[in-house]
Amino acid sequence: MTIHMLFHLRFRQPQPSIELSEEAKFRRVVNGSFAASARHLFADIKVSLAEQLQLKRLEELAKDYMSNSDLENALMSLNSRCSGISRVYSIGKSVQGVPLWVMEISDKPGKEEAEPAFKYIGNVHGDEPVGRELLILLANWLCDNYMKDPLSQNSLSRLALQATLIVDNVHLHILPSMNPDGFSLRRRGNANNIDLNRDFPDQFFHMNDDPGAHQPETKAIMRWLDEIRFTASASLHGGALVANYPWDGTENKKKYYYGCPDDETFKYMATIYSRSHHNMSLSEEFPGGITNGAYWYPIYGGMQDWNYLHAGCFELTLEISDDKWPNASELPTLFEYNKMSMLNLVASLVKTGIHGRIFSSDEGKPLPASIAIKGLNSTIHARETLADYHRLLVPDRKYEVIATMPGYKPRSTSIMLGEEAMTVDFVMDPVITPINSFLRRGWSCSLPGEAFSLVVFLSVMAVKTNGVVDGILPEELMKLLMSLATKWGDVLDLKNLKVHHLSGAMTNEVYRISWPTKNENVPRRVLVRMYGEGVDRFFNRDEEIRTFECLSKKGQGPKLLGQFANGRVEEFIHARTLSAEDLRDSEISSLIAAKLREFHNLDMPGSRNVLLWDRLRKWLNEAKGLCSPEHLKEFSLGNLDEEISLLEKELPTESQNIAFCHNDMQYGNIMIDDKTKAVTIIDYEYGGYNPIAYDFANHFCEMTANYHTDTPHIMHFNTYPDFEERQRFVRAYLSSSGNQPSDEEVKKLVDESEKYTLANHLFWGLWGVISAYVNNIEFDYMEYARGRFKQYWLRKPELLGASDDLLHVDDSAEPVHILRSKDLC
Ligand SMILES: [Zn+2]
């Protein structure tokens, strides 16, 4: 298996075909386009008769639900009944001015304690009101059962203990309704008809980047997270029965399992909920009653991922009833079904994981250090004031816990975490070096806004250099950023640097760093990529860097702005990834063609030998080694050597332009800036020298794929571009230099490309066969391979068979020279 393939698998992955609930299907339709347009989809829809009927039905049902003022009254009276352990506060107002009331439940509400904080949020979607009712019931139940002597209780004794445990050891914040306007309008969105669970900043796409443009309800949540350090949380939804965990989106918009760095911990959390639930874990649709969000259906701008990324808060999205708006008489039953789950999830913050405080050895002061676990690419932060931290982790495992703080020597300790929670405190020694005393003076203050603050970012970097804070790396990057800022005429105020963690990808850590410019509305943005450890298994880092660097110098892809010991600073590209439809849009297609020509014209280092044939043979050997006898036979792998040799002989090469080809021009690897129409080709893992006709062939075949469907593995060859469309593409390609090609020239290249589709079918067919054996991702690789091989055998006679002149191959033709260029870049 080649390193390139492994890498590719990550990005090509493909969606499993799973049955979606009606709710999910609905959401897919509504949010299928997750660009900004999704926000406005509702606005223009005329209210149909069916919707009117639905509205009427909800009006009926709503009579027995609490109105917004009922809810307010319920909270207030509960607060006076349980004043010792509760307080009510508002985090802001809805569009229509309804306060977003929160009840905090704790033995010391409103006071700072070295305890974890948890939040429950209900009614994010206006037409999913079960959560708001259950949360009021939960608050009441806690109030009633706190300090109840368990011995005097019957079977509820254990749960009553849970109430006392939670109140005494957790600060539980309950926001029953995040969307009171949507509730009174009986609809999903808020008063502006915006889906609040698509309104948060997104790690992959930039539709919600403008801080001023968020809905008031969203802004309230964002402020809230900056004020309170929540360890974990959950939002309550309806329409399905499952505990959903990050990530909710993927960077290529495709649907597949995409775990965040704390995937194991999230699965553990989600399982706590589903297993404690009356019947969630028995789900037939979702094994164990849990699901990865992106695997179910990707969404963008969701609250869950943002909590984890921005605030290190482990948030679940809980779908707690199949019926979004059940009859109110069912609410007591639904509460019984969810009660133990809701309690156990909160209690898990105390009963499991590691907890501790961090102090300096010299003055004994609390240090708001960062806590990382070796091997997990995520960091949490101790609280500013008390320097306490709380981290959920899967029990019964060994961990190495690392505390870092700028200006202090990092400390690490190995622990064996059992079923019970564990206390791990740290005492840290200061180091006195110029850079670190600078850091201690200038950086230990809290940076507002971004959870992945610069302090933490630098600490993470320090941890990555084998646990040694030597100050060199941060200094190196800082100098780089400073010089970039100076070059651009910005005044870089260190306190205004914002660091946003963009991706939990396993290969790299990617951060968006921004700072204000003179033009207040336009912050400067760069992308910082920290090379991950152990990626050599996937691809040759040196080669990747060389290709990237070279392409960047040649104005392709993101610009390389600077490099440091274990990472680089890249241009931040404002563009969207194309969709399947975009490839068929004649205007966009012409832009792609022109860009591809530019790409092919690049003088890239490395071997100029056509790599196609060697790679096909190598993959064939791998496939043969992996395949069962049945598959060997089914795919005629024994005969494919001959087919490859035949193609190598029959496909035109000497007349062909050999160029640095992308070799994977699928829509997910192409970006476009809709404003400037600038096209960017990304992800060059498969790049290498090939006949340009091969790149065309690959691109034409990709036009029949749509990786955003329930059957992503099926390529629809009946939609293969016709001669006209292929000609248009090739003409746009050839004429992009300014010279109009002759009809003959265009036709020749189109015809030759057509023959190369045969090689392309073998290429991806073999890729599919190998992947089916080595990859666990639920994409039907084997069926995909079948489709490609079938096309090969189907088209071969027509493309190679009949023509007589194919038999007269001129063997005396000069072989393609092997060139190895030096220092081209
Ligand atoms: Zn919902």
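Each ligand, and each atom within it, is numbered from 1 in the order the structure gives. The residues of the chain are indexed from 1 along the displayed sequence.
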For His125, what is the atom name of its N, O or S atom nearest to the Zn ion (ligand 1)? ND1

Can Ser235 and His237 be counted as having a side-chain donor-acceptor contact under 3.5 angstrom? yes

Please determine if Arg198 forms a cation-pi arrangement with Phe200, meaning its NZ or CZ atom is less than 6.0 Å from the six-membered ring centre and no more than 45° off the ring axis. no

Starting from the Zn ion (ligand 1), look over the N/O/S atoms of His237 and name the nearest one. ND1

For the residue pair Trp247 and Tyr295, is the inter-centroid distance of their aromatic rings smaller than 6.0 Å? no

What distance do Phe230 atom CZ and Leu172 atom CG have between them, rounded to the nearest 0.5 Å? 9.5 Å

Please determine whether Glu128 has a backbone or side-chain N, O or S atom lying under 2.8 Å from the Zn ion (ligand 1). yes

